[in-house]
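One structure below.
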Amino acid sequence: MMIRTRFAPSPTGFLHIGGARTALFSWAYARRHAGSFILRIEDTDLARSTPEAVQAILDGMQWLGLNYDEGPFYQTQRMPRYRAVIEEMLAAGSAYRCYMTPDELDRLREEQRAQGLKPRYDGRWRPEPGKTLPTPPVGMPAVVRFRNPAAGVVAWDDLVKGRIEIANAELDDLIIARADGTPTYNFCVVVDDWEMGITHVIRGDDHVNNTPRQINILQALGAQVPLYAHLSMILGGDGQKLSKRHGAVSVMQYDDAGYLPEAVLNYLARLGWSHGDDEIFSMSQFCEWFELDHITPSAAQFNTEKLNWLNAHYLRTVDPERLESLLRVRLEARGVTVAASPSLAAIIALHKGRVGNLNELANVAEVFYIDLQPKAELLAKHLTPETFAVLSDFVAHLPDVAWESGAIGALIKDCVARHGLKMPKLAMPLRILLTGLEQTPSVDALVAIFPREMVLKRLTAVSEARHSPTGCS
RNA sequence: GUCCCCAUCGUCUAGAGGCCCAGGACACUACCCUUUCACGGUAGGUACCGGGGUUCGAAUCCCCGUGGGGACGCCA
């Protein structure tokens, strides 16, 4: 059997982390089994769906590299088909018209709640043998309800949660078409999953309650029931539910924050799924390993620290050229002009193992290209009088030293030794003067990636400053 | 309220009756490396929600409790 999975977001907002994981698992399962991954936009709620949200979802999936084989299909473009199926169901008696108004329904639900009952439609317009239905009010539009089986249980073997059984008595007759004739979510899903030949429905936990209803409709339609896998939810770092008001962010915000898509993907894959002790793996490895039986049924808390660790790892190991172009874009966005020397490639080689994200890398790369003004407090702290002589000594030898880190390192050592000082006495002033930062890579390697004149310039600029009354500029 | 789901270190998880007085990873602490800070290396602390069963034996199976979550829309 050809595996067919789908990701079916509703375009009412951006692609958030939970949706991204659902998409990732659906995608990976299809890839694992050489199946097909389908993207379907569930935009039947005309009031809340927006083209911007559709684009945001598409952008998010593209950034993550979750490519789909079919689609995107839009439910709003399949309306005639849904209407036809509703007509068939009406004719077959598996659906019926209900003339109850929203107000009446509200009142009914309130009463039921007041009595401690589960709010549900009471079936007053449901045709039964021997039952006399009320007379339909003239000129009043009707909704169409599904005639849910009254007895028995609906059961399915959930691929992550195991067997779930729900009594039909718990289910009421849900509306499948609104008074204006448009079909509702639960109905469209069923028709689409059926006609698109979906074999595995991988979706969020919050749909567990919809599943028995959908199975019943599927059965009324004589359709094959797909297999279901319900993923538990992702909680915020504080253990609270992620919502628009609380912590739910677009995957694109991770891009802005300097994360690499492979880090986000690896992190997400590991959130709720495991393959023994494996922590770091590529998506192609993931697609070889991924099966539904190692998905945890319990909710998982999002942990930014671990994501950071993965991101730092990928930053260290990505292809240098790709990293360079990613970084160049970020620097240019800041208005920084990337000069030919020191080369971005050299800066990256020196720093990529030391930063957690692309923005941090941009922060350190930037100092090589801007008009540097080291902070006064740092100058005061590290450019102490005892360092002046050794610094001048170093500067004096600069024009003659071979321009590579080994020779520069040797020169630094000679200078400190001559002045009877420890290494940091020269290394720290150099760091501050050259980058304005207290933490840099090995100072000899740092000096070496600059053009010689630029080092001279940055070092001398402050050698003048030290003659100023405050000792710093 | 009713129905459904979930429950191992702070966090993500391994674990499918003996291999577990519970393993890995992130984070944390200490030490090593060292030219600062990272990286890396080594070591360490911290967990089976509670109570009953079943069994020679339970983190693993069953029941109850507790806690958390989800759903109950002419939203998806």
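In the text below, chain A, chain B and the rest are named by the order of the sequence lines, each starting its count at 1.
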Closest nucleotide among [options] to the [X] side chain:
X	options	value
R354(A)	U35(B), A38(B), C3(B)	A38(B)
P297(A)	A76(B), C3(B), C6(B)	C6(B)
E305(A)	C74(B), C3(B), C26(B)	C26(B)

Under 3.5 Å for both donor-acceptor distances, Watson-Crick or wobble: does [N] have a partner, and if so which one?
N	result
G45(B)	none
C33(B)	none
C61(B)	G53(B)
A71(B)	U2(B)
A22(B)	none

With heavy atoms under 4.0 Å as the rule, sort [X] into base, sugar-phosphate or nothing.
X	answer
H207(A)	base
T44(A)	sugar-phosphate
E438(A)	base
P119(A)	base
D444(A)	base

Going by number, which of residues 208-216 of chain A have a non-hydrogen atom under 4.0 Å from RNA chain B?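 V208(A), N209(A), N210(A), in order of number.
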Under the side chain to side chain donor-acceptor pair (under 3.5 Å) test, which residues partner T101(A), sequence neighbours left out?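 If we apply the side chain to side chain donor-acceptor pair (under 3.5 Å) test to T101(A), skipping adjacent residues, the hits are E104(A).
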Pairs where residues 378-388 of chain A contributes a residue and the test side-chain hydrogen bond (donor to acceptor under 3.5 Å, both in side chains) is met, not counting sequence neighbours: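 Residue pairs with at least one partner in residues 378-388 of chain A: K381(A)-E438(A), H382(A)-E438(A), E386(A)-K425(A).
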Test of understanding: with salt bridge (Lys or Arg N to Asp or Glu O under 4.0 Å), list the residues that count as partners of D172(A), not counting sequence neighbours.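 Scan of D172(A) (salt bridge (Lys or Arg N to Asp or Glu O under 4.0 Å), adjacent residues dropped) gives R213(A).
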List the residues meeting salt bridge (Lys or Arg N to Asp or Glu O under 4.0 Å) with E279(A), not counting sequence neighbours, and say none if there are none.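 Residues passing salt bridge (Lys or Arg N to Asp or Glu O under 4.0 Å) with E279(A): R270(A), K306(A).
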Which atom pairs link the protein and nucleotides 11-17 of chain B when you take only N or O atoms and keep those under 3.5 Å?
residue : atom : partner : partner atom : Å
C12(B)  : OP1  : Q301(A) : N            : 2.9
C12(B)  : O2'  : R270(A) : O            : 3.0
C12(B)  : O2   : K306(A) : NZ           : 3.4
U13(B)  : OP1  : G272(A) : N            : 2.6
U13(B)  : OP1  : T296(A) : OG1          : 3.4
U13(B)  : O3'  : S274(A) : OG           : 3.3
U13(B)  : O2'  : R270(A) : NH2          : 3.1
A14(B)  : OP1  : S274(A) : OG           : 2.8

Decide, yes or no, whether a salt bridge links K161(A) with D205(A) under the criterion of side-chain N to carboxylate O below 4.0 Å.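 Counted as a salt bridge, because a side-chain N and a carboxylate O are separated by less than 4.0 Å.
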For W194(A), give me all partners under ring pair (Phe, Tyr, Trp, His ring centres under 6.0 Å), at least two apart in sequence or on another chain.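 So W194(A) forms no ring pair (Phe, Tyr, Trp, His ring centres under 6.0 Å) with any residue.
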Quick one: list whatever passes ring pair (Phe, Tyr, Trp, His ring centres under 6.0 Å) with Y267(A), sequence neighbours left out.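 Y267(A): ring pair (Phe, Tyr, Trp, His ring centres under 6.0 Å) contacts with F302(A).
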Please list, one pair per line, the donor and acceptor atoms closer than 3.5 Å that link side chains of residues 138-154 of chain A to other protein atoms, with sequence neighbours excluded.
residue : atom : partner : partner atom : Å
R145(A) : NH1  : D173(A) : O            : 2.6
R147(A) : NE   : P127(A) : O            : 3.2
R147(A) : NH2  : P127(A) : O            : 2.8
R147(A) : NH2  : E128(A) : OE1          : 2.9
N148(A) : OD1  : N216(A) : ND2          : 2.9
N148(A) : ND2  : N168(A) : OD1          : 3.4

Quickly work out the [X] [atom1] to [N] [atom2] distance and round it to whole Å.
X	N	atom1	atom2	answer
N357(A)	A38(B)	CG	C1'	14 Å
D122(A)	C72(B)	CG	C1'	15 Å
F146(A)	G73(B)	CZ	P	17 Å
E165(A)	C5(B)	CD	C1'	14 Å

Sub-3.5 Å donor-acceptor pair from the side chain of E291(A) to the main-chain atoms of D293(A), do we have one?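 Here the side-chain-to-backbone pair does not exist.
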Set of residues satisfying side-chain contact (heavy atoms from CB on, under 4.5 Å) with respect to A84(A), sequence neighbours excluded: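 Scan of A84(A) (side-chain contact (heavy atoms from CB on, under 4.5 Å), adjacent residues dropped) gives R81(A).
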Selection residues 157-185 of chain A - residue pairs positive for ring pair (Phe, Tyr, Trp, His ring centres under 6.0 Å), sequence neighbours left out: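 Listed once each, the pairs are Y185(A)-H207(A).
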Just say parallel, tilted or perpendicular for the rings of W273(A) and F290(A), cut-offs at 30° and 60°.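 Tilted: the ring planes of W273(A) and F290(A) meet at 30° to 60°.
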Describe, in one word, how the ring planes of H351(A) and F368(A) are oriented to each other, choosing from parallel (under 30°), tilted (30 to 60°) and perpendicular (over 60°).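 H351(A) and F368(A): perpendicular rings.
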Set out, line by line, the N/O atom pairs under 3.5 Å between protein and nucleotides 43-49 of chain B.
none

Below 4.0 angstrom from OP1 or OP2 of G40(B), is there any side-chain N or O of R316(A)?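 So the side-chain polar atoms of R316(A) do come within 4.0 Å of the phosphate oxygens OP1 or OP2 of G40(B), strictly under.
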